[in-house]
Structure formats: structure tokens, C-alpha cells
Amino acid sequence: MFLVGLTGGIASGKSSVIQVFQQLGCAVIDVDIIARHVVQPGYPAHRRIVEAFGTEVLLENGDIDRKVLGDLIFNQPDRRHLLNSITHPEICKEMMKETFKYFLRGYRYVILDIPLLFETKKLLKYMKHTVVVY
């Protein structure tokens with residue numbers, strides 16, 4: 001199996017490129033979707049975010065208020081690092097689980113849509129190829 005990292009800026013056309021890869025029979029993992037999933041109520045990252053940032057980051061229904069949390073970390077690198085240290089391991093776990101599922105299903109190529117692929121650098125070493133949409 002080949003892992004291909006796909007990245008690019010907002011409105012760069014990544015969705016169009018993903019559609020082409022899917023039409024060619026490639027599996028696609030959207031890391032943004034995983035990132036939203038792992039902070040849902042009942043997941044470890046949700047609990048740890050509330051412990052670290054308080055209940056003021058919660059909406060009435062218990063979901064994380066992404067705007068409030070974003071405002072808290074925007075100009076505070078220490079708090080942003082704390083949030084990343086909570087969410088990134090959970091995102092990586094889910095990404096690996098999804099990748100393994102596609103491996104078991106016999107997919108030859110898995111496209112990982114990772115917005116900050118080059119900025120984080122941690123996942124680059126696992127990619128057979130990278131595609132930058134600009």
C-alpha cells in the first residue's frame with residue numbers, strides 16, 4: 001500500500017483533486033473530519049479539553065464551541081500547544097485505524113488529506129508521495 005499525502009490551502013481545489021483520486025479507485029482519509037470527530041462528547045480528547053480549558057468552551061449540548069476555543073488559543077502559543085498535545089495523538093490514532101481498514105480491504109493507494117502536512121512535518125516520512133494543490 002502506498003500512502004499519499006495531499007495538502008493545499010483553503011479553496012485551492014483539494015476537493016476536486018480528491019474526487020479524481022476517488023474515481024481512480026483510491027481510498028481517501030480526510031484528517032479535518034477526523035479532527036472534528038475526536039473532540040466529540042464521549043471521546044478522551046473532549047474530556048481532556050474540558051479539563052484543560054474549562055466548561056466555558058462547551059456549547060449547551062456538550063459539544064466543543066470551536067469559536068470560543070479558537071479565541072482562547074489564537075494568540076497564546078502555550079495554550080495552542082496544549083490543545084495540539086491533546087488532539088494530535090487522538091487524530092493520529094484514528095488516522096492509523098482508517099489506514100489499516102483500507103489496507104485490510106486491499107486498497108493499493110490511500111490518500112491522506114492533511115491540511116498542515118508540511119507545517120507539522122511528523123507524517124511526511126510515512127508518505128510514499130505528496131501532492132500539493134495550489
Side-chain angles (χ1 to χ4, degrees):
M1 175 192 321
F2 294 97
L3 298 180
V4 178
L6 177 75
T7 192
I10 295 170
S12 62
K14 288 187 313 242
S15 296
S16 297
V17 173
I18 286 170
Q19 287 177 353
V20 171
F21 278 122
Q22 287 175 321
Q23 290 169 356
L24 292 170
C26 299
V28 174
I29 298 172
D30 186 330
V31 175
D32 276 343
I33 292 172
I34 291 173
R36 286 190 284 284
H37 177 77
V38 300
V39 297
Q40 294 297 311
Y43 287 87
H46 181 276
R47 178 184 45 78
R48 291 186 58 216
I49 289 169
V50 174
E51 287 172 359
F53 295 95
T55 56
E56 63 268 12
V57 299
L58 294 178
L59 295 167
E60 286 185 26
N61 67 359
D63 287 345
I64 300 290
D65 186 329
R66 296 170 63 84
K67 179 174 179 352
V68 169
L69 186 57
D71 289 345
L72 284 174
I73 67 164
F74 185 72
N75 287 318
Q76 298 185 44
D78 289 346
R79 294 189 104 184
R80 187 170 43 255
H81 177 73
L82 174 59
L83 178 62
N84 289 341
S85 73
I86 293 169
T87 58
H88 286 185
E90 298 300 319
I91 292 167
C92 283
K93 277 191 241 177
E94 289 300 314
M95 200 172 50
M96 292 302 166
K97 287 188 333 194
E98 289 293 312
T99 301
F100 188 65
K101 282 196 272 186
Y102 286 126
F103 170 76
L104 292 176
R105 292 180 188 159
Y107 281 87
R108 185 167 175 174
Y109 292 94
V110 176
I111 312 302
L112 294 130
D113 180 0
I114 306 172
L116 299 175
L117 179 61
F118 289 106
E119 290 82 353
T120 56
K121 296 180 182 145
K122 292 179 182 177
L123 297 173
L124 276 173
K125 62 185 170 190
Y126 301 108
M127 303 301 147
K128 177 72 174 170
H129 300 285
T130 56
V131 176
V132 179
V133 181
Y134 179 75

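Because only heavy atoms are used, hydrogens play no part in the values below, and waters and symmetry mates are left out as well, while side chains stay in.
- Scanning all heavy atoms of the two residues, the minimum distance from L72 to Q76 falls at O-NE2, 3.4 Å.
- In this structure the side chain of V110 reaches within 4.5 angstrom of the side chain of I29, judged on heavy atoms.
- Residue L6 comes nearest to L117 through the heavy atom pair N-CD2, 4.4 Å, listed as atom of the first residue, atom of the second, then distance.
- Ring-plane geometry between Y107 and Y102 is classed as perpendicular, the angle between the planes exceeding 60 degrees on a 0 to 90 degree scale with a lower cut at 30.
- Under the 4.5 Å side-chain heavy-atom criterion for Ile, Leu, Val, Met, Phe, Trp and Tyr, L123 and V4 are members of distinct hydrophobic clusters.
- V28 and I91 are members of different hydrophobic clusters when ILVMFWY side chains are connected at heavy-atom separations under 4.5 Å.
- Atom CZ of R80 has more than 12 neighbouring heavy atoms from other residues, nucleotides or ligands inside a 6.0 Å radius.
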Please test R48 against E51 for salt bridge (Lys or Arg N to Asp or Glu O under 4.0 Å), starting from the C-alpha separation and ending with a verdict. CA-CA 5 Å; R48 291 186 58 216; E51 287 172 359; 5.5 Å; no
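- Between Y43 and V38, the closest heavy-atom pair is CB-O, 3.3 Å.
- For the pairing with F2, the ring pair (Phe, Tyr, Trp, His ring centres under 6.0 Å) check across F21, Y109, F103 returns one residue only, Y109.
- Using a 4.5 Å heavy-atom cutoff, the side chains of V50 and T55 are in contact.
- Looking at heavy atoms from C-beta onward, V132 lies in side-chain contact with F118 at the 4.5 angstrom threshold.
- In plain terms, the two heavy atoms of V39 and A45 that are nearest each other are CG1-CB, 4.4 Å.
- The nearest pair of heavy atoms linking G13 to V133 is C-CG1, 3.7 Å.
- In terms of heavy atoms, G62 sits closest to P41 at O-CG, 3.5 Å.
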